[in-house]
Amino acid sequence: MSKVSVIVGLQWGDEGKGKIADFLSGDYDIIARFQGGANAGHTVKVGGREYVFHQVPSGLLRGGKVGILGAGMVIDIMSLVEELKQLEGVDYDLVIDERAHLVLPYHRLQDARQEESGRGVGSTRRGISQAYRDKYARFGVRAGSLLDERILKEDLKRSYEFNSRHFTVNLDFEEIYDILLTESREIRDMIGDASLYLRNAIEEGKSILMEGAQGTLLDIDFGTYPYVTSSHTISGGALVGLGFPWKRVDEVIGVFKAYTTRVGKGPFPTELVDETGNQLREKGGEYGATTGRPRRVGWLDLVALRYAVWVNGVDYLVMTKLDVLFGFPEVKVAVAYRLQGMDVRWFPASYHRLARVEPIYRTFPGFDDLDGARDYISFIEDYLGVPIKIISYGMDREKTVLR
Ligand code: IMP
């Protein structure tokens, strides 16, 4: 029986989705990314070797899997070609939707310049927002254009001219065109209609895992706008990003970390800027996989999580990195916010309001192992009304329990 699952992050990204998707991928034939691009990053350790992937879906290293890069993504060809080198010798297939947009060299430059000017949101500098901007302005270049030199030239010309008002250095059109043409030779055969591919796969009874990148609170509409990424990170994004009918999705899996982290700017009600915060960061190794930036850290926020469970329609939860909380004298979770003397129990739509809330905490005595965390875990389940089916409390595969 085919099964279709969507796995998404419920916080500000870096919930450990990659590890969980990799863990679950044994049950699926196809793993499909539906949004974002090289701003994501996950590290896999196999046989003493470390692999870092940005655009390639999780689980391909297992062999015998098909990866999909969906229409909702923005793809950086240069970076993709590099990533795929890590998969040399592995048996896999990759289908890149011809509708996916390309991140062009000048997008990255504009992103970096915006960050350097101090007017950015603390982006990953991968040109993500610029590529999506061009897509929605209808000046984008799609992956399918790489299949025909004449069409590529035409589309690139429009994009180049549209972007040239932002250029601060001289960028040679022919040079960019040549780079794209050369690099794309490596991946040309992978470009096709991924939506149709998935339709056929379903007919054949194949199982699909749709893998989200970043997290709910970074969603372009439902996150803490403007401190968000430029795509739909919530489960609905899987449908639009893959051209897939919602009635064929069987379940939504929501992944959250036992505490909270965020990279980049923007409101973060439970943030800890004290020694406890430093300890959490060090113990959790909270440094960006893509940029190496130290992540901001804080306690678990159940107000935000309840909202994320709703907007994604989460069927079951996965809690990661519980072990990072082991050994703290006490552990807190936010159960409500205080705003101008009122109790707030729903995540505010406006970041202006969110930036002014004070979290109301429930404090738990510290714990040193899974057993000791029992009250913490059942409190979260009761509060959210959704079961936590998988708990990960260490790097090794054995440190993942199914409940
Ligand atoms: P962009 O996606 O590079 O435009 O960055 C926009 C915001 O999303 C910034 O705050 C980034 O730090 C954040 N962001 C983007 N990708 C990730 C991710 O994979 N994990 C965590 N934060 C991310």
Side-chain angles (χ1 to χ4, degrees), residues 7-22 33-44 52-58 69 72-76 79 83 101 103-104 106-136 211-234 237 241 255-257 259-268 271 281 284-298 304 308 320-321 351 354-355:
I7 185 165
V8 286
L10 301 180
Q11 295 154 318
W12 279 289
D14 310 311
E15 297 89 352
K17 290 175 300 293
K19 185 189 169 206
I20 300 299
D22 189 66
R33 278 272 313 263
F34 55 84
Q35 43 73 230
N39 48 350
H42 83 273
T43 310
V44 193
V52 183
F53 295 111
H54 296 289
Q55 301 175 94
V56 168
S58 299
L69 303 185
M73 287 186 73
V74 286
I75 295 170
D76 188 318
S79 155
E83 274 178 64
H101 280 250
V103 177
L104 296 163
Y106 37 81
H107 291 145
R108 273 190 181 236
L109 291 174
Q110 288 167 34
D111 198 357
R113 210 174 54 241
Q114 182 149 314
E115 288 303 320
E116 276 150 22
S117 75
R119 279 176 287 124
V121 301
S123 82
T124 60
R125 303 184 179 209
R126 295 297 187 272
I128 302 296
S129 64
Q130 289 72 17
Y132 279 113
R133 175 200 66 202
D134 285 10
K135 160 174 162 166
Y136 285 104
E211 183 189 20
Q214 291 88 41
T216 301
L217 305 178
L218 287 172
D219 184 277
I220 183 75
D221 284 321
F222 296 94
T224 49
Y225 190 88
Y227 300 102
V228 290
T229 190
S230 300
S231 62
H232 285 295
T233 59
I234 62 174
V255 185
F256 71 102
K257 193 142 59 175
Y259 50 99
T260 313
T261 60
R262 156 159 226 178
V263 241
K265 299 180 198 167
F268 181 174
E271 182 169 16
R281 181 179 307 105
E286 296 296 352
Y287 292 86
T290 298
T291 58
R293 288 180 290 177
R295 295 179 183 142
R296 298 160 64 193
V297 296
T320 62
K321 297 186 102 165
Y351 96 84
L354 186 67

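Numbering of ligands and ligand atoms starts at 1, following listing order. Since this is a predicted model, take the numbers as computed values, not measurements.
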Peer 1: Among residues at least two apart in sequence or on other chains, which ones pass ring-ring contact (aromatic ring centres under 6.0 Å, His included) with Tyr227?
Peer 2: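 ring-ring contact (aromatic ring centres under 6.0 Å, His included) check on Tyr227 returns Tyr351.
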Peer 1: Please report which non-hydrogen protein atom sits nearest to atom 10 (O) of ligand 1, along with the residue it belongs to and the distance in Å to one decimal place.
Peer 2: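 It is Val263 O, 3.1 Å.
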Peer 1: So, regarding Asn39 and ligand 1 (criterion: nitrogen or oxygen to nitrogen or oxygen, under 3.5 Å), is there a contact or not?
Peer 2: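 Yes, at least one N or O pair falls under 3.5 Å.
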Peer 1: Check Ser123 against Asp111 and note the closest heavy-atom contact, atom names and distance.
Peer 2: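 Between these two residues, the closest heavy atoms are OG-OD1, 2.8 Å.
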Peer 1: Of all the heavy-atom pairs spanning Leu217 and Trp12, show the shortest one and how long it is.
Peer 2: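 Heavy atoms of Leu217 and Trp12 come nearest at CB-NE1, 3.2 Å.
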Peer 1: Might you point out which heavy atoms bring Lys321 and Gly284 nearest each other, and give the distance in Å?
Peer 2: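 It is NZ-O, 2.7 Å.
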Peer 1: So which heavy atom on Arg262 is nearest to which on Leu218, and how close?
Peer 2: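 For Arg262 versus Leu218, the nearest heavy atoms are NH2-CD2, 4.1 Å.
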Peer 1: Nearest protein heavy atom to atom 3 (O) of ligand 1, by residue and atom, and its distance?
Peer 2: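 The protein heavy atom lying closest is Thr124 OG1, 2.6 Å.
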Peer 1: Relative to ligand 1, is Asp111 under 4.0 angstrom through side chain, backbone, both or neither, heavy atoms considered?
Peer 2: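 Neither part.
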Peer 1: For His107 and Asp134, what are the C-alpha separation, side-chain angles and deciding distance, and is it a side chain to side chain donor-acceptor pair (under 3.5 Å)?
Peer 2: CA-CA 9 Å; His107 291 145; Asp134 285 10; 2.8 Å; yes
Peer 1: State which residue, out of Glu286, Gln11, Glu15, fulfils the side-chain hydrogen bond (donor to acceptor under 3.5 Å, both in side chains) condition with Lys257.
Peer 2: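 Result: among Glu286, Gln11, Glu15, Glu286 is the only option passing the side-chain hydrogen bond (donor to acceptor under 3.5 Å, both in side chains) with Lys257.
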Peer 1: May I ask whether Ser230 has any heavy atom positioned less than 4.0 angstrom from an atom of ligand 1?
Peer 2: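 Per 4.0 Å heavy-atom rule, Ser230 does not contact ligand 1.
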Peer 1: Between Ala40, Gly36, Ala38, flag the one that comes closest to atom 19 (O) of ligand 1 by a heavy atom.
Peer 2: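 Heavy atom nearest to atom 19 (O) of ligand 1 belongs to Ala40.
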Peer 1: Check Arg293 against ligand 1 and report side chain, backbone, both or neither, counting heavy atoms closer than 4.0 Å.
Peer 2: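 Arg293 to ligand 1: side-chain contact only, backbone stays beyond 4.0 Å.
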Peer 1: Run down the list Ala131, Gly223, Ser123 and name the one with the heavy atom closest to atom 5 (O) of ligand 1.
Peer 2: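 Considering heavy atoms of Ala131, Gly223, Ser123, the nearest to atom 5 (O) of ligand 1 sits in Ser123.
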Peer 1: Answer yes or no: does an N/O atom from Gly41 fall short of 3.5 Å to an N/O atom of ligand 1?
Peer 2: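 No, no N or O pair falls under 3.5 Å.
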Peer 1: Closer than 4.0 Å to some heavy atom of Gly122 - which atoms of ligand 1 meet that?
Peer 2: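 Those atoms are 9 (C), 10 (O), 11 (C), 12 (O).
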Peer 1: What residue and heavy atom of the protein are closest to atom 6 (C) of ligand 1, and at what distance?
Peer 2: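 Of every protein heavy atom, Val228 O, 3.3 Å lies nearest to atom 6 (C) of ligand 1.
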Peer 1: Enumerate the salt bridge (Lys or Arg N to Asp or Glu O under 4.0 Å) contacts for residues 119-128, please, sequence neighbours excluded, ordered by first and then second residue.
Peer 2: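 Qualifying pairs, neighbours excluded: Glu116-Arg125.
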Peer 1: At a non-hydrogen distance cut-off of under 4.0 Å, which region of Leu218 contacts ligand 1 (side chain, backbone, both, or neither)?
Peer 2: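 For Leu218, only side-chain atoms sit under 4.0 Å from ligand 1.
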Peer 1: Can you sort out which atoms of ligand 1 are near Gln214, meaning under 4.0 Å from one of its heavy atoms?
Peer 2: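 Listed by number with element, the hits are 15 (C), 16 (N), 17 (C), 18 (C), 19 (O).
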Peer 1: May I ask you to check if ligand 1 and Thr229 share an N or O to N or O distance below 3.5 Å?
Peer 2: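 Yes, Thr229 has an N/O under 3.5 Å of an N/O on ligand 1.
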Peer 1: So, taking the atom named OG1 in Thr216 and the one named CG in Leu10, what distance separates them when rounded to the nearest 0.5 Å?
Peer 2: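 The CG atom of Leu10 is 5.0 Å from OG1 of Thr216, to the nearest 0.5 Å.
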Peer 1: Should you measure from each heavy atom of Asp14, which atoms of ligand 1 turn up under 4.0 Å away?
Peer 2: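 Atoms satisfying the 4.0 Å criterion: 20 (N), 21 (C).
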Peer 1: Keeping the roles fixed (side chain from Lys19, backbone from His42), state whether a donor-acceptor pair exists under 3.5 Å.
Peer 2: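 Side chain of Lys19 to backbone of His42: no pair is present.
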Peer 1: With heavy atoms under 4.0 Å as the rule, classify the contact between Trp12 and ligand 1 as side chain, backbone, both or neither.
Peer 2: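 Under 4.0 Å from ligand 1, Trp12 contributes backbone atoms alone.
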